[in-house]
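Here is the structure we will look at, set down as structure tokens.
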Amino acid sequence: MRVSKLFFQTLREVPADADVVSHQLMLRAGMIHQIAAGIFDFLPLALRTKYKIEDIFREEMDAIGGQEVTLPMVHPAELWQKSGRWYQIGSDMARFKDRNDRDMVLGMTHEEIMADLAKKYIKSYRQLPTMLYQIQTKFRDEPRPRAGLLRVREFTMKDAYTFDRDEAGIDAYYPHFYQAYFNIFHRCGIDVVAVKSDTGMMGGRMAHEFMALTDIGEDTLVLCDACGYSANRQVAVFRKPEPPVADQLPLEEVATPNVTTIEALAQFLDIPESETAKAVFMIADIDQPDGKVKEQFVFCVVRGDMELNETKLTNAVKARRLRPATTSEIKAIGAEPGYGSPIGIARERVLLVVDELVARSPNLVAGANREGYHLRNTNYGRDYSADLVVDLVAANDGHACPNCGAALYTARGVEVGNIFKLGTKYSIAMGATYLDENGEEKPIVMGSYGIGSGRLMAVIIELHHDEAGIKWPITVAPYQVILISLATEKTPEVTEAAEKLYADLLAAGVEVLYDDREERAGVKFNDADLIGIPIRLTLGAKGLKNGVVEGKLRRNGESFEFNIATAVDDVKALIAAEIARINATVAPVPFED
RNA sequence: CGGGGUGUAGCGCAGUUGGUAGCGCGCCUGGUUUGGGACCAGGAUGUCGGAGGUUCGAGCCCUCUCACCCCGACCA
């Protein structure tokens, strides 16, 4: 491709609306154009990289037995009504009516459609396991798209679905995806950590998220370097400290004027925060047996030195959603904001959930449900009892690893992929069953596995750039080579040589961008750096005189001199070496169950 | 959905007490230049986000509205 013909435009200045690096660079490199919040045009440079990434998806999916299909983007509401998600999902799902007034949706994901397809075509255990995947546009009307391609509403996703006869089947398939996903990310030049994740509303048995570690990440990960433990903070567990052994002392009210926070309380009474109990008041929407949704007041108690983990709470009480209670709601159940405890409240009106550590810790200081007073020596079991005693708290820096006891630490990550043991939820809903050897009809056990290609592209840039621009890993670069001609009107022989080299590179199958523009050298160099082509060839009058063309690696600045006569082969060898360098990172990864 | 911010040329921005819109980059023409974002000369480009209002007169003041960005909520 000739740069003079390339449909793009580089920008010197950073567009005002972009504040993450990948977004800025993609705009400056002329890769993408936003047309609405979270909705983008992909220009040729971006599209080429997108296709490179997606080809890697295809190779890795095919390698573990996948077959590619394309399912529609527009779905009849009926399928989503069957699974129930038509009713569960809110305005994230774009809905409309067709000309015949039928409800339709834009596909956010394709479990329903895939299960429906399986119902039609899978009849026998002999057909299992099977795996289908697609690379398709999805639309989720996210409340807050942001950060360029990192969080969008319309996006392309590779989504794969496995169909197995039983749990043992998916248990056997799942690790293949685990490995294939590492292969994909490594081949794209990025490192990821797989973390256990929340199965949430999907109700599956096991899920992993593949996270790229970067400060702009929206998720917090809990990691252990000693043993490799890794989990999304939403589900991370830790080894809790052993509470002191002590006799239960009598309850005692103590005046604590204007002391409404745990920090202030600990300071006021000169005790560690670990000797206090903190009340957290939430309102949960909980499904009732009759199909209605009830707003339930949930009274949580965690130790003062720890934080409530809302995901754990949501799962513990099987809430559809959770929100903080208002002051009047808190007072209505007989508690006092700032001085709350489960002692003396309208117990029958709340769902009382207590962290198991609180239940084991003696003589904690808690609120008295009276403004200006706390209680010393509250003891679970003696002074109150809960509806649920579970792990409710968030793991944090310095907590002990649940496996090995070493200190955990937290890091930010961007989710670039996930794998999910779905179970039979969708197959049962859609009636996707098979007959086993005994002629018995059984639901197909499904798994789903997603990677967003646009987000992955953005993450690659986040992890591979410098002040000058993008540094594409060669496996996903829009072009492998950029040939810069420094010809002027006075040096037509340079143009001639560059044209010939360009033609030869093309003929040799090299993906080459040829900067034939009438621009100054600096402009061309800067644009080449910005768009991030891994190998730069420069042909100027001086080099030509000596029969050399200069080569330079974008990733580290290393430079080469190639004899023009052998340049094509030399460049091909360099490309091969650079590809091999990335592929060398592809290796077996132990499956962390 | 709550809080904050911004809308003026393709991009980045300025625009005074209300007086009929400008700068830099980019773009077009010609010339000189030519190895890390050249220089000179000339040129094109605006429903000042939209609607209503106040006023002799609105980019500027008032009301409504839309879009986008950021923080939070949310995130199969």
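Because only heavy atoms are used, hydrogens play no part in the values below, and waters and symmetry mates are left out as well, while side chains stay in. Please read all numbers here as calculations on a predicted model, not as lab measurements. To find a chain, count down the sequence lines: A is the first, B the second, and so on, and within it residues start at 1.
When Lys119(A), Arg85(A), His110(A) are each tested for a side-chain hydrogen bond (donor to acceptor under 3.5 Å, both in side chains) with Tyr426(A), only one passes: Arg85(A).
Only the P atoms considered, C48(B) is 41 Å distant from U32(B), to the nearest whole Å. For the P atoms, the distance from G50(B) to G46(B) is 14 Å, rounded to whole Å.
Pair assignment for A41(B) gives U29(B), based on Watson-Crick or G-U wobble hydrogen-bonding distances that are each under 3.5 Å. Taking a pair to require two hydrogen-bonding distances under 3.5 Å in either a Watson-Crick or a G-U wobble arrangement, G52(B) pairs with C62(B).
Among the atoms of the strands shown, only primed sugar atoms or phosphate atoms (P, OP1, OP2) are found under 4.0 Å from some heavy atom of Pro15(A). Nucleic acid contact for Met157(A): base, since at least one base atom lies under 4.0 Å from a heavy atom of the residue. Gly90(A) comes within 4.0 angstrom of no nucleic acid atom, judged by non-hydrogen atoms across all strands.
One finds the CE atom of Met157(A) at 12.0 Å from the CD1 atom of Ile135(A) (value rounded to the nearest 0.5 Å).
Between Val3(A) and Phe8(A) there is a side-chain heavy-atom pair separated by less than 4.5 Å.
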Query - Footprint string (nucleotides 66-71 of chain B, 5' to 3'): B base within contact, S backbone only, - free, heavy atoms under 4.0 Å - result: --SSSB

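The aromatic rings of Tyr174(A) and Tyr449(A) sit tilted relative to each other, their planes meeting at an angle between 30° and 60°.
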